[in-house]
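Have a look at the structure below before the remarks.
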Amino acid sequence: MSARGSGRGAALRRVCQLAFLVLFLLLVVWTRPVPGQAPAGWLSAFFLADPLILALTWLAAHSVPWAALWALVTVGATVILGRVFCGWVCPLGTVHAIAGRL
């Protein structure tokens, strides 16, 4: 058994990684600026789950919108489950894993 894992769990993780990478890329395309038109409110949901955006908003504005506190769910999942965000959800982690295989 390799260090990367094998079997059903590794295959499920790869599927989740690719799904979240595709979702991230779609969100980037959908949130591109269109002159005279604001992006839909639901598109910001992905960014509200980012703890780094939460921290930077707090540092810059000295306040945090209530919706940004969803990032604490990500922090809680990481504390309880370990590197679940980096290994299953993070698009950068997926790109890094693909580059490592190449």
Side-chain angles (χ1 to χ4, degrees):
M1 184 177 211
S2 68
R4 294 177 194 252
S6 62
R8 185 175 284 164
L12 178 62
R13 188 183 74 180
R14 282 188 211 109
V15 168
C16 286
Q17 285 177 317
L18 289 174
F20 278 109
L21 178 61
V22 169
L23 175 64
F24 174 77
L25 293 174
L26 287 173
L27 285 172
V28 167
V29 170
W30 287 334
T31 58
R32 75 181 185 278
V34 176
Q37 190 178 28
W42 65 269
L43 290 173
S44 66
F46 185 82
F47 302 105
L48 292 174
D50 187 344
L52 183 58
I53 291 176
L54 173 69
L56 292 176
T57 302
W58 178 72
L59 288 172
H62 300 291
S63 67
V64 175
W66 283 103
L69 294 177
W70 275 106
L72 297 178
V73 172
T74 304
V75 173
T78 302
V79 167
I80 294 169
L81 301 172
R83 293 181 49 202
V84 69
F85 183 79
C86 293
W88 289 69
V89 178
C90 179
L92 180 61
T94 303
V95 171
H96 178 64
I98 292 169
R101 288 189 180 269
L102 295 176

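- Each of Leu25 and Val15 belongs to its own hydrophobic cluster when Ile, Leu, Val, Met, Phe, Trp and Tyr are linked at side-chain heavy-atom distances under 4.5 angstrom.
- In this structure, the separation between CG on Leu21 and CZ on Arg14 is 15.0 Å, given to the nearest 0.5 Å.
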Item to complete: Any chance you could lay out the side chain to side chain contact (heavy atoms under 4.5 Å, CB included) test for Trp30 and Leu27, step after step, and finish with the verdict?
Response: CA-CA 5 Å; Trp30 287 334; Leu27 285 172; 4.3 Å; yes
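- Hydrophobic cluster membership differs between Val75 and Val73, with clusters built from Ile, Leu, Val, Met, Phe, Trp and Tyr side chains linked at under 4.5 angstrom.
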Identify every side-chain donor-acceptor pair in residues 78-88 under 3.5 Å, counting partners at least two apart or on other chains, and give the distances.
from  : atom 1 : to    : atom 2 : distance (Å)
Thr78 : OG1    : Thr74 : O      : 2.9

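- With rounding to the nearest 0.5 angstrom, the CG atom of Leu23 is 12.5 Å from the CG atom of Leu18.
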Listing, residues 62-72 side-chain donor-acceptor contacts under 3.5 Å, not counting sequence neighbours, or none:
none

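- A continuous path of hydrophobic side-chain contacts links Val28 to Val89 [ILVMFWY only; heavy atoms under 4.5 Å].
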Please output the side-chain donor-acceptor pairs of residues 46-57 that fall under 3.5 Å, not counting sequence neighbours, one pair per line with the distance.
from  : atom 1 : to    : atom 2 : distance (Å)
Asp50 : OD1    : Leu52 : N      : 2.9
Thr57 : OG1    : Ile53 : O      : 2.7

